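Numbers restart at 1 for each chain; the letters A, B, ... are given by sequence-line order, proteins then strands. Keep in mind the model is a prediction, meaning the values are calculated, not measured.
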There are 2 protein chains.
Amino acid sequence: MSYDNAKRASGTAMKTGIQTIHAELIAVLVAVTGSVPRVLTLADGSALPAGPLELTHRSLQAGVRVWVERQTHHPLGYIEQLYTFADPTRGATVSGDQAERSISISYLGLTREIASGGDTVSWQDIYRYFPWEDRRSDPTLIERTIRAEMGRWIGTSAERAARVNACFGLDGSPWNEDLALSRYELLYEMGLVREAARDGQSNGGEFIPGTMMHADHRRILATALSRLRAKIKYRAIVYELMPESFSLLELQRCVEALAGQRLHKSNFRRLLASQNLLEETAHYAPGVGRPAKLFRFRAALLAERAIAGTRLPIARP
Amino acid sequence: MSYDNAKRASGTAMKTGIQTIHAELIAVLVAVTGSVPRVLTLADGSALPAGPLELTHRSLQAGVRVWVERQTHHPLGYIEQLYTFADPTRGATVSGDQAERSISISYLGLTREIASGGDTVSWQDIYRYFPWEDRRSDPTLIERTIRAEMGRWIGTSAERAARVNACFGLDGSPWNEDLALSRYELLYEMGLVREAARDGQSNGGEFIPGTMMHADHRRILATALSRLRAKIKYRAIVYELMPESFSLLELQRCVEALAGQRLHKSNFRRLLASQNLLEETAHYAPGVGRPAKLFRFRAALLAERAIAGTRLPIARP
DNA sequence: TCCATTATACTCATATTGAGTATAAATGAG
DNA sequence: CTCATTTATACTCAATATGAGTATAATGGA
């Protein structure tokens with residue numbers, strides 16, 4: 001049973017008639033501090049910040065921006081729409097025989113971490129929710145904790161085995177960091193995350209480590225992580241996550257934090273050089289060892305934006 | 001003034017209070033027939049098919065699928081969510097002092113073209129709406145028709161010049177087919193598409209050739225084109241657009257139709273070979289000249305799905 | 001002074017791309 | 001039946017890009 005199917009199955013109040021549609025904005029605010037990718041959460045890390053769509057908002061984007069800036073007292077740089085979910089079951093308050101349908105529109109925003117005003121608002125390590133996605137120090141978590149359970153789910157199905165191998169980079173398939181969302185959804189389908197059990201999927205044994213979240217917030221966070229990982233490869237958006245000036249190693253650590261992978265130092269620098277995104281400052285970062293030159297992003301970058309894009313074998317006239 | 005700003009400015013009925021949110025699904029159905037990329041439209045090509053979100057739909061995806069299949073009597077292969085717009089102005093029926101807000105959730109679907117049952121339903125050449133995006137035979141349309149107007153908008157602003165050059169591949173910048181949406185939005189901002197005038201943007205002179213659409217359907221179509229062009233480069237989705245078996249040249253023509261670019265024949269084939277997506281059939285396509293071997297997509301492809309993904313300079317342990 | 005530590009510069013074999021040329025297998029005109 | 005025309009495939013080769021290192025340069029502290 002797929003993620004969608006499971007959600008459906010638990011639905012009850014389906015009847016045609018007068019319906020109030022309730023729309024909600026959900027924000028995934030990401031920052032990278034040191035080598036830790038973090039997300040802004042509510043309720044002790046168990047929910048993403050969300051607010052109702054108000055008629056005063058001129059556009060969805062503007063709605064999120066206003067809302068987040070009020071929460072964090074910090075201007076929000078990059079914003080991007082993630083996905084819209086409309087689940088008839090979730091938040092279905094059947095009051096007075098009138099079903100309420102909820103639409104959730106989620107956004108990804110990039111900032112730098114600052115002390116948040118709110119009380120229950122806190123920044124959490126993203127890998128708290130997806131320990132298996134962080135392969136920087138130990139790429140074997142999956143193997144050690146849950147491979148046996150996955151084997152049980154696979155059984156003798158060649159198709160299931162192929163899916164698991166492609167998603168988790170097992171048995172010869174390469175690991176692809178962009179597949180974070182597919183992996184979460186597959187784990188849900190296998191009943192190995194707690195949300196699956198909560199939503200009525202029975203499961204025979206263990207869960208994979210990782211903190212559960214309210215409703216499908218963890219899925220939304222996985223969507224954000226996937227999107228962000230894919231995007232850093234062809235758009236210079238790390239830019240929104242870095243301070244004014246930084247060393248090349250700091251930039252590398254930031255990308256590594258998001259990708260969940262160690263990168264090859266000199267090749268990473270060669271790549272940066274070829275993109276012509278950075279310019280030197282006159283300053284050096286002190287610290288242990290030889291001081292590193294500090295760089296900043298080229299101002300012109302703001303205008304260019306789009307950059308390269310992948311290639312097709314184009315014919316010239 | 002940006003596209004969003006212009007939309008906002010024309011908004012009036014903004015008041016907080018009881019609000020009914022009306023949600024609508026909009027479908028961009030794409031097929032490629034011969035060398036023409038086509039889209040399913042209503043009303044003589046002036047609107048995209050759209051329908052209300054019904055409570056009986058189990059999920060948005062399912063809603064679109066049901067709706068489209070009822071319209072076209074043909075199973076829909078690939079579906080992907082595009083974007084959600086919530087515009088307070090559009091469709092704002094201020095009846096009885098109650099503002100109605102409309103949310104549009106758009107989807108991209110891929111099929112093969114078949115005779116559509118409906119009367120006003122028809123398939124239209126996508127480039128009818130974006131002639132400048134088709135550079136297969138004549139890449140100079142922009143130059144010839146509208147460069148002067150763009151110059152007028154740019155004036156002496158270096159920032160505007162940089163944006164135009166990056167978007168349209170002028171003055172040394174490379175043309176990037178994925179930027180179809182940015183180009184449409186920029187043309188709107190410049191007042192060079194008719195929608196801009198309709199929405200209250202004054203403009204001094206000419207419009208760029210291209211058929212106008214209802215509401216912001218043309219923008220949604222541009223979103224679909226951008227997404228599709230980006231996606232064919234890293235996911236094997238052309239598959240949904242091709243018949244059971246086909247020659248390599250037919251496949252090339254299909255990709256060219258979507259990309260709006262001619263491709264280099266032998267390099268395209270080398271790429272295909274390296275991806276291992278195809279397998280030979282025993283048949284040949286007759287016609288003038290040497291008959292071409294017919295291929296089909298490998299069945300295993302369905303299971304693998306995700307494929308490669310772009311690369312980071314990864315460090316090995 | 002010399003060593004641990006981090007920064008930066010080079011090197012080099014291999015793979016991937018861009019851009020063609022050469023050869024093969026059909027059709028139809030004369 | 002032969003040859004020009006047309007399309008299909010096979011190769012070639014230089015220019016780049018990538019993966020994986022090694023070598024050398026600056027620091028602060030023992």
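Side chain of A/R270, nearest nucleotide from C/dC12, C/dA19, D/dG21: C/dC12. When each of C/dG20, C/dG18, D/dA20 is scored by its nearest atom to the side-chain atoms of B/N267, the top-ranked nucleotide is C/dG18.
Between A/S274 and A/G287, the residue anchored nearer the 5' end of DNA chain D, judged by the nucleotide with its closest heavy atom, is A/S274.
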Could you list the protein-to-nucleotides 4-8 of chain C atom pairs, N/O on both sides, closer than 3.5 Å?
| from | atom 1 | to | atom 2 | distance (Å) |
| --- | --- | --- | --- | --- |
| C/dT6 | O2 | A/R290 | N | 3.3 |
| C/dA7 | OP2 | A/K265 | NZ | 3.4 |
| C/dA7 | N3 | A/R290 | NH1 | 3.3 |
| C/dT8 | OP1 | A/K293 | N | 2.8 |
| C/dT8 | OP2 | A/R269 | NH1 | 3.2 |

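Side-chain contact between B/L225 and B/F130 is present, with heavy atoms from C-beta onward closer than 4.5 Å.
In this structure, A/L263 places its CG atom 11 Å from P of D/dG19, rounding to the nearest Å. Straight-line distance from the NE2 atom of B/H264 to the C1' atom of C/dT16: 14 Å, rounded to whole Å. Between B/F268 atom CZ and C/dT17 atom P the separation is 14 Å, expressed in whole Å. One interatomic measurement links the two molecules: CG of B/L271 to C1' of C/dA15, which rounds to 14 Å at whole-angstrom precision.
Not a single salt bridge (charged side-chain N to carboxylate O under 4.0 Å, His left out) links A/R112 to another residue, sequence neighbours left out. By the salt bridge (charged side-chain N to carboxylate O under 4.0 Å, His left out) test, A/R253 is found to be paired with A/E256, residues two or more places apart in sequence or in another chain being considered.
Separation of the B/F246 and B/F297 ring centroids falls under the 6.0 Å cut-off.
No donor-acceptor distance shorter than 3.5 angstrom exists from the side chain of B/T111 to the backbone of B/E113, with no hydrogens or angles considered. Proximity of a side-chain donor or acceptor of B/S247 to a complementary backbone N or O of B/E250 within less than 3.5 Å is detected.
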